**Student:** 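Before I ask anything, here is the structure I am working with.
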Amino acid sequence: MYATAAARVVAVVVHLATAGLLVGGLALMLGALRRGVLVVPGLVLLASGFALCPRPGRLRPDAPVLRQPDAPELFRLVQDVADAVGVRRVDLIQLTPEFSVTVARYGLRRRPCLLLGLPLWAAHLPQQRVAALAHALAHLSRRHVRHGALIATALDSLAVGSGGVRTSPQARLPYGSLAQAWRAGAIVEAERHFNARGRRSDLASWAVLWIPRAVASATRRLLVRLTRSATQRAETEAELAAARTASSDAVVAVLDRHLARATTLEMHRLVVEARTFAGRRSATAVQEDLWARLARHAARVRAGQDTSRPADPEGSPGAPRCTAAVTLDAPRLRRIEAELRDAQREVALMVLRDGIPAPARFEA
């Protein structure tokens, strides 16, 4: 409790410091009308304040977004899960190529949007999909302090402040890169001068900005440390809420990282196969078949796993077993699949064009 209150105080101080930079920079710029020497400090403060200002969240521009008229049955399922968990309903659903189901905030009002990863949706059984939805939506609870507007925006600002000024290894030229070219000596000498100026610029930036960057980094670590206990408790509550919504067995299955890794590897293999043998099958056939083949591979992986482990979200044999409050039956699943068909083709085309996203920490 005290750590969470201290985290909120730190977040308020971060936002006040950002506002102070903006106000101070504006005051110096107004004073520069009389004294031109104040222009540079005012610009520095204004630039720093604008860089640290919280920005509204944005959705991926290349991924399909569904609204309630586009997929009414899917939205009814998500709304039933949200009501069972006890959180607010989402406004949008965006389909993504990641093996994850998360909730993102977008816009100035920080509206919730469900990011539904189609690989996870294809790999899991119907009731496990309900568990993944419940676990993701449970993060909208107020107990998840890192997802609240106050602390989340402070963490974003500190991340910008701690990582915004770094030396770039790309701003260097290799010596002798054109040793066989015409006037190679002049080119090599120009490379030396360019790299020397780059080192001086990096040194000046480090000397001026290392203190603000160090303060931002230390404050961010402090904020993460203060919210760690509350985040762990909220994560446990999310798992229990998912178990009460979709059953304990479904939660245990959806939190299994082995299936996530196996599905991601199979997806990578299918993308390589489609690109290598592009002439043998049409692009439309590959798009239609991608998610079905992932589902068949996931079924084989589940069949080869050991099913003798305890089926409860906390891994304790004595924990109470929960039955499902929301179920996904076959007729409802068929209606949802029909609603997702066009969007699934679009995401499959995105995967075949751009490749699969880099493997990240599994989220459900």
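Because only heavy atoms are used, hydrogens play no part in the values below, and waters and symmetry mates are left out as well, while side chains stay in. Residues: numbered from 1 along the sequence shown. Predicted model, so just to flag it, every value in this text is computed and none were measured.
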**Student:** Would you call D83 and R89 a salt bridge, using N to O less than 4.0 angstrom?
**Tutor:**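 So D83 pairs with R89 through a salt bridge.
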**Student:** Does the pair R334/D329 count as a salt bridge with the N-to-O cut at 4.0 Å?
**Tutor:**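 Not counted as a salt bridge, because no side-chain N and carboxylate O are separated by less than 4.0 Å.
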**Student:** What is the distance from atom OG1 of T231 to atom CZ of R146, rounded to the nearest 0.5 Å?
**Tutor:** 3.5 Å
**Student:** Taking only Lys NZ, Arg NE, NH1 and NH2, and the carboxylate oxygens of Asp or Glu, determine whether E235 and R228 approach each other closer than 4.0 Å.
**Tutor:**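 Salt bridge flag = no for R228 with E235.
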**Student:** With no hydrogens and no angle check, just 3.5 Å: does a side-chain donor-acceptor pair link E98 and T96?
**Tutor:**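 Their side chains do contain a donor-acceptor pair, which is all the 3.5 Å distance test asks for.
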**Student:** List the steps and the verdict of salt bridge (Lys or Arg N to Asp or Glu O under 4.0 Å) for R353 and E346.
**Tutor:** CA-CA 11 Å; R353 182 192 64 216; E346 190 174 344; over 6 Å; no
**Student:** When you measure from the side chain of R55 to the backbone N and O of T153, does any donor-acceptor pair fall under 3.5 Å?
**Tutor:** no
**Student:** Considering only residues two or more places apart or on different chains, which pairs with a residue in residues 108-127 satisfy salt bridge (Lys or Arg N to Asp or Glu O under 4.0 Å)?
**Tutor:**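 Qualifying pairs, neighbours excluded: D91-R111.
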**Student:** Calculate, to the nearest 0.5 Å, the distance between atoms CE and CG belonging to M267 and L118 respectively.
**Tutor:** 8.0 Å
**Student:** To check you understand the geometry: which heavy-atom pair defines the closest contact between E339 and D70, and what is its length?
**Tutor:** CB-O, 4.3 Å
**Student:** Starting from I336, can I reach I93 by hopping between I/L/V/M/F/W/Y residues whose side chains sit under 4.5 Å apart?
**Tutor:**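 Yes, it is one cluster - the side chains of I93 and I336 are joined through contacts under 4.5 Å.
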**Student:** Tell me whether E273 is salt-bridged to R269, with the criterion being a basic N under 4.0 Å from an acidic carboxylate O.
**Tutor:**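 A salt bridge is present here (some side-chain N lies under 4.0 Å from a carboxylate O).
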**Student:** For the backbone of H135 and the side chain of H139, can you confirm whether one donor and one acceptor N or O come within less than 3.5 Å of each other?
**Tutor:** yes
**Student:** Evaluate L294 against W291 for side-chain contact (heavy atoms from CB on, under 4.5 Å), listing each step before the verdict.
**Tutor:** CA-CA 5 Å; L294 274 183; W291 309 116; 3.7 Å; yes
